[in-house]
There are 2 protein chains.
Amino acid sequence: MPEAIKAATEHRRDAQGTRRLLLDAASELFAERGYERATVRDIAARAGVNQALLFRYFGTKKALFGEVMARGGHEQLRTTPAERLFEVALRGMLAEGGGPGTDRSLEVCLRSIGGSDEIAEALRGLGDEYAEVLATLSRADDGALRGDLALAWLLGIGLMRVVVGKEPLAGADPDTICRLVVGALGALLEDMPQGS
Amino acid sequence: MPEAIKAATEHRRDAQGTRRLLLDAASELFAERGYERATVRDIAARAGVNQALLFRYFGTKKALFGEVMARGGHEQLRTTPAERLFEVALRGMLAEGGGPGTDRSLEVCLRSIGGSDEIAEALRGLGDEYAEVLATLSRADDGALRGDLALAWLLGIGLMRVVVGKEPLAGADPDTICRLVVGALGALLEDMPQGS
DNA sequence: CCCTTGTGTAAGCACCTGCTTACATACCGT
DNA sequence: ACGGTATGTAAGCAGGTGCTTACACAAGGG
């Protein structure tokens with residue numbers, strides 16, 4: 001019986017495997033509850049792992065959070081052309097949940113903001129990468145500011161929809177939202193494609 | 001010596017006075033740290049009051065939060081004409097801090113989101129009132145959704161600026177931000193005045 | 001004057017948090 | 001086979017949280 005199968009079916013001793021279990025569980029719980037309200041005990045329990053291992057492999061809850069944030073989000077940034085990034089990210093946030101493989105970094109951001117200053121700093125990193133790409137969509141000399149404003153709208157929509165659950169936004173059709181937002185952003189980012 | 005003066009200058013026994021001291025201190029700390037990270041001990045300490053009184057007068061930390069949220073924010077809503085509400089609220093958020101009398105409800109919202117589901121529900125109340133007014137600025141039949149989107153942008157900008165501190169947004173001139181945002185919103189809310 | 005009532009105070013309770021330690025056990029090179 | 005090491009486990013520690021309780025004291029009326 002190969003190692004991989006054994007590790008998946010029963011509790012074998014596999015450091016890399018349990019590390020990944022912890023990362024997956026942490027990613028889910030951070031997205032659902034935010035940094036503060038996701039306790040190390042809950043994360044270890046969802047991973048089906050003793051909580052002491054969490055500290056053996058990551059040292060600190062904050063370090064675990066850092067690894068979670070570093071793991072996700074970057075593929076979307078690299079694989080999406082700049083002029084489509086806003087719409088792709090917006091639709092990803094509007095989809096909510098999705099499969100276990102989907103990137104929930106932005107959701108983690110939203111729910112963890114306000115937790116502590118170090119967390120806000122970690123989030124600024126991801127924000128910088130997004131805003132940098134969005135900034136290229138404007139030829140104005142304050143393109144960076146315009147990119148920040150677009151990103152702010154993206155986060156605000158996620159905030160109202162996913163975290164607050166404000167109606168009618170929370171129940172609105174993603175296509176409708178996309179059309180309205182992308183249309184209004186045309187005044188800000190001239191190189192944003194208007195066709196849905 | 002009248003009671004009011006005595007209460008202000010020294011520690012007299014004045015239930016209404018200490019109640020107000022607690023409300024003021026709670027408003028400040030909730031705005032600075034959010035709901036979870038503002039502890040009842042810190043609130044009582046800033047008010048210069050024993051923490052047991054906090055529970056005598058409000059019963060629960062959550063109830064205190066409710067009173068703080070109910071107290072502020074509504075004047076701005078009632079005294080501002082609809083077509084100016086967005087810009088006034090945006091400028092209020094961009095001002096950051098301000099005098100002790102300024103309304104920091106939106107800041108409290110931003111920093112407390114993700115704290116708990118009950119908090120999110122309390123915030124939805126304030127959001128509903130703002131969005132309802134903003135919805136009147138569009139003659140489209142999905143005006144309510146457009147109002148939500150405008151409010152989302154408002155909150156998103158506050159999030160990036162006040163909580164995350166993302167540059168260049170955090171250091172940008174409020175007038176510039178207002179001009180860019182209000183201009184872009186013209187496509188969404190037809191009755192939004194474009195002149196700054 | 002004393003006694004009730006409202007106000008302020010100190011101490012503590014029960015619980016939860018991130019994190020650590022001392023120990024059991026499975027794996028692997030020799 | 002066996003001993004050392006990597007992996008998993010249970011229990012607990014120190015500190016912080018919201019909240020409660022038992023008590024001290026001022027004020028006002030009889």
Side-chain angles (χ1 to χ4, degrees), chain A residues 1-23 25-26 29-30 33-68 112 114-119 122, chain B residues 1-4 6-23 25-26 29-30 33-68 112 114-119:
Chain A
M1 197 177 201
E3 282 297 323
I5 304 287
K6 280 205 284 191
T9 52
E10 56 177 282
H11 291 74
R12 298 293 286 182
R13 299 206 160 191
D14 172 18
Q16 294 302 320
T18 63
R19 237 189 91 101
R20 200 153 35 78
L21 284 178
L22 281 167
L23 273 173
L29 278 170
F30 283 146
R33 309 186 194 168
Y35 176 78
E36 303 258 344
R37 301 220 311 154
T39 72
V40 292
R41 281 172 175 80
D42 289 342
I43 293 171
R46 179 167 302 193
V49 155
N50 189 289
Q51 68 154 325
L53 296 180
L54 190 154
F55 292 98
R56 184 174 351 248
Y57 293 138
F58 301 96
T60 269
K61 187 190 181 187
K62 227 168 286 195
L64 170 61
F65 181 82
E67 286 218 27
V68 167
S112 303
S116 81
D117 295 346
E118 292 109 324
I119 300 300
Chain B
M1 195 178 205
E3 282 297 324
K6 281 204 283 190
T9 51
E10 56 175 284
H11 290 75
R12 298 293 288 180
R13 302 207 158 190
D14 172 17
Q16 294 302 320
T18 62
R19 236 189 91 100
R20 200 153 34 77
L21 284 179
L22 281 167
L23 274 174
L29 278 170
F30 283 146
R33 309 185 195 171
Y35 176 78
E36 303 257 345
R37 301 219 310 154
T39 72
V40 293
R41 282 172 174 81
D42 288 343
I43 292 171
R46 179 166 302 192
V49 154
N50 190 289
Q51 68 153 325
L53 297 180
L54 189 155
F55 292 97
R56 197 196 315 269
Y57 293 138
F58 300 97
T60 268
K61 187 190 180 185
K62 227 169 288 199
L64 170 62
F65 181 82
E67 286 217 27
V68 167
S112 303
S116 82
D117 294 346
E118 294 108 325
I119 300 300

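It should be emphasised that the depicted structure is a prediction, and the values quoted were computed from it without experimental measurement. So that the names make sense, note that chain A is the first sequence line, chain B the second, and so on, each numbered from 1.
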Output the single nucleotide from [options] whose closest atom is nearest the side chain of [X].
X       : options                : result
A/Asn50 : D/dT9, C/dG18, D/dT7   : D/dT9
B/Gln51 : C/dA10, D/dC19, D/dT9  : D/dC19
A/Arg13 : D/dG18, C/dG18, C/dA26 : C/dA26
B/Leu53 : D/dG8, C/dT9, C/dT20   : C/dT9
B/Lys61 : D/dC19, C/dG18, D/dG8  : D/dC19

Take atom [atom1] of [X] and atom [atom2] of [N], then tell me their distance rounded to the nearest Å.
X       : N      : atom1 : atom2 : value
B/Phe55 : C/dG8  : CZ    : P     : 16 Å
A/Asp14 : D/dT7  : CG    : C1'   : 10 Å
A/Arg41 : C/dC16 : CZ    : C1'   : 7 Å
A/Leu54 : C/dT17 : CG    : C1'   : 13 Å
A/Gln16 : D/dG8  : CD    : P     : 11 Å
A/Leu22 : C/dG18 : CG    : C1'   : 15 Å
A/Ile43 : C/dC16 : CD1   : C1'   : 15 Å
B/Arg37 : D/dT17 : CZ    : P     : 11 Å

Sugar-phosphate only, base, or nothing, as touched by B/Ala15 at under 4.0 Å among non-hydrogen atoms: sugar-phosphate
Sugar-phosphate only, base, or nothing, as touched by B/Tyr57 at under 4.0 Å among non-hydrogen atoms: sugar-phosphate
Aromatic ring pairing B/Tyr35/B/Phe65, orientation class (parallel under 30°, perpendicular over 60°, tilted between): perpendicular
Is the backbone N or O of [Y] less than 3.5 Å from a side-chain atom of [X], with the two atoms forming a donor-acceptor pair by type?
X       : Y       : value
A/Thr60 : A/Ala63 : no
A/Thr18 : A/Leu21 : no
A/Arg19 : A/Tyr57 : yes

Phosphate contact (C/dG18 OP1 or OP2) by A/Thr60 side-chain N/O below 4.0 Å: no
Phosphate contact (C/dG8 OP1 or OP2) by B/Thr18 side-chain N/O below 4.0 Å: yes
Shortest non-hydrogen contact between A/Phe30 and A/Ala38, atoms and distance: CD2-CB, 3.7 Å
